[in-house]
Amino acid sequence: MSLIVQKYGGTSVGTVDRIQAVAQRVQKTVRDGHSVVVVVSAMGKTTDTLVNLAQAISPNPSRREMDMLLSTGEQVSIALLSMALQELGQAAISLTGAQVGIVTEAEHSRARILEIKPDRLKHHLDEGKVIVVAGFQGISSIDHLEITTLGRGGSDTSAVALAAALKADLCEIYTDVPGILTTDPRLVPEAQLLEEITCDEMLELASLGANVLHPRAVEIARNFGVLLVVRSSWSDAPGTRVVAPPPKPRSLVGLEITKAVDSVEFDPDQAKVALLRIPDRPGIAAKLFGEISHQRVDVDLIIQSIHEGNSNDIAFTVVKKMLTKAESVTEAIAPALREHSSNTQEAEVIVEKRVAKIAIAGAGIIGRPGIAAKMFKTLADAKINIEMISTSEVKVSCLIDEANGDLAIEALCKAFGVNQSPPTNASLFAHLPPVRGVALDLKRAQVGIRHIPDRPGMAAQIFMALADQNISVDMIIQSQRCRIIEDVPRRDIAFTIAENDIHTTRTVLEKLAVKLGLGEVVINEEVAKVSIVGSGMVGHPGVAAKFFNALAKEKINIEMIATSEIKVSCIVSQADAVRALKCIHETFGLAGKEVVNVPA
Ligand code: ADP
Ligand code: ASP
Ligand code: MG
């Protein structure tokens with residue numbers, strides 16, 4: 001007999017009829033010979049309604065009282081579903097997070113799960129009961145009995161954590177769409193269902209606003225090898241499998257607090273090309289990378305930083321033996337860019353052969369803002385200067401002098417308590433589609449800090465200060481240009497933050513600017529991030545060029561670019577965002593004729 005954990009989201013238990021339909025599906029699973037643990041969310045939009053009630057009383061309610069309030073939503077649905085099962089003659093019992101023994105950190109409103117005690121669950125399963133567990137909630141410790149919640153959308157995480165703790169054979173996430181789609185169907189109705197997606201791809205997509213699956217649920221599935229499926233509670237269609245390579249053995253104690261970083265990756269075979277002072281208008285990146293992919297040169301990292309005046313810098317890396325070719329293509333294109341530029345200064349090409357890439361990788365980097373800062377600090381303490389930074393959801397890559405390779409590996413492995421792993425082997429993913437999905441995050445803001453003294457430790461101090469306030473940043477990009485101001489060489493750094501964090505970010509940075517002698521802090525809210533994700537883009541020249549070209553054709557200007565091996569992200573203006581998403585989705589052949597039915 002196998003054990004299945006099923007999770008039903010808010011819409012799936014939104015009405016009495018829906019709860020009865022869920023009860024029938026659960027009963028059918030039992031009749032098919034399985035033991036079932038069910039995790040449910042609050043009915044419909046209950047959680048939003050509770051948030052609004054709190055806001056009506058206090059603009060800044062205490063996080064403890066918010067957890068007390070929000071956890072009630074799930075308690076309603078577990079009782080009702082349990083009753084519905086009993087009405088069908090199916091033995092069932094509802095349990096809150098505390099009753100199950102879902103022990104979390106004492107962090108109200110964003111607690112991570114430490115441990116789940118399976119004894120009581122096993123006892124009820126042995127009695128032949130279906131157990132209906134309240135998702136999204138836990139308890140801070142068995143002694144204190146403080147109710148905690150896991151953060152919005154956290155029921156997915158409860159379900160996968162239960163599946164890991166009980167070593168379940170399968171975890172099914174039932175929701176209101178047929179599974180994971182190529183993009184958000186509310187924005188692009190032609191989005192198509194994916195049969196399969198890797199955990200790494202899902203992690204890169206999930207935190208970008210593809211909120212169909214809580215990123216922490218994917219992290220647990222990947223770490224503990226939970227078989228995970230996302231499917232519709234309205235049909236019997238198989239949905240989407242979320243797959244991962246076999247995990248390394250891990251302890252179930254400290255379940256969500258396992259190491260944030262899995263590995264340190266070092267790649268000495270990198271060379272950098274930078275093109276400085278190019279015009280800030282649509283089509284430039286498309287032209288450059290179009291030409292480069294024409295010459296069959298595969299680019300690895302690409303960054304484009306904020307404009308200074310009205311010009312941009314683009315930098316990218318290639319394998320060393322391709323440097324001459326990449327340089328000549330870039331040199332050839334530079335004069336053409338200059339002609340159209342209103343800038344009197346000339347576009348300039350800089351190449352650097354003696355560089356290497358060092359990266360930290362791990363699903364746990366998401367939502368832990370201190371990790372990137374710790375990497376920068378570790379390199380700074382070892383007196384290693386960072387020439388280029390490119391971050392994604394699950395990876396932070398830095399370009400350094402290749403002579404510092406061994407020193408950097410040793411320092412980072414020690415700091416994160418992990419071993420070095422070889423860089424990603426492209427041939428493993430050659431059979432996968434270069435672009436699996438496209439995501440849009442409308443809730444980002446762009447931050448630029450001007451004139452940061454160019455010496456080791458500055459990035460570390462800036463991002464540590466933000467991490468201390470729990471502010472997650474991404475797309476960290478350091479400008480390629482260096483200017484001497486008051487006898488000090490200086491660079492700009494740009495990155496993005498969540499819109500909600502603008503106020504705190506400004507306060508932190510303005511204080512820091514005085515202390516460290518930084519220049520102006522510029523924050524732009526009117527931006528959005530559009531990204532393509534696919535494991536098959538590794539070793540597949542031309543994917544980024546196609547992305548940039550599609551935006552150029554739509555006359556959409558790219559304000560920032562950052563990449564990881566399996567993702568390319570661009571910052572565009574908010575006004576262009578949905579148009580950008582649609583055209584990219586279409587360009588990569590992801591749109592189908594069929595329109596996915598999305599409940600209102
Ligand atoms: P639940 O209440 O079941 O947890 P959510 O609202 O959290 O459901 O997540 C499902 C919703 O996620 C879908 O209704 C859909 O609008 C949205 N969504 C955004 N991006 C995607 C995507 N790439 N694939 C599927 N659904 C997506
Ligand atoms: N009810 C919670 C929320 O709306 C948790 C969840 O649905 O996953 O965020
Ligand atoms: Mg959800």
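Starting from 1, each residue takes its place in the sequence as its number. Counting convention: from 1, in listed order, for ligands and their atoms alike.
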Original post:
Can you tell me if G153 has a non-hydrogen atom under 4.0 Å from ligand 1?
Top reply: no
Original post:
Is I180 in polar range of ligand 1, meaning some N or O pair under 3.5 Å apart?
Top reply: no
Original post:
What atoms of ligand 2 come closer than 4.0 angstrom to any heavy atom of S41?
Top reply: 6 (C), 7 (O), 8 (O)
Original post:
Looking only at distance, does D156 have an N or O less than 3.5 Å from an N or O of ligand 1?
Top reply: no
Original post:
Against heavy atoms of T47, which atoms of ligand 2 measure under 4.0 Å?
Top reply: 1 (N), 2 (C), 3 (C), 4 (O)
**OP:** With heavy atoms only and a cut-off of under 4.0 Å, state how V177 meets ligand 1: side chain, backbone, both or neither.
**Re:** side chain
Original post:
Which residue from R186, K45, R152 reaches closest to atom 16 (O) of ligand 1 through any of its heavy atoms?
Top reply: R186
**OP:** Would you check, one step at a time, whether the test side chain to side chain donor-acceptor pair (under 3.5 Å) holds for D67 with T148?
**Re:** CA-CA 6 Å; D67 280 359; T148 53; 5.5 Å; no
Original post:
What protein heavy atom sits nearest atom 3 (C) of ligand 2, and how far off is it?
Top reply: R152 NE, 3.2 Å
Original post:
Would you say T175 has any N or O atom under 3.5 Å from an N or O of ligand 1, going by distance alone?
Top reply: yes
**OP:** Apply ring-ring contact (aromatic ring centres under 6.0 Å, His included) to Y8 and list each qualifying residue two or more places apart in sequence or on a separate chain.
**Re:** Y174
Original post:
Are H214 and ligand 1 in contact, using a heavy-atom cut-off of under 4.0 Å?
Top reply: no
**OP:** Around atom 6 (C) of ligand 2, find the nearest protein heavy atom and jot down its residue, atom name and distance.
**Re:** S155 OG, 3.4 Å
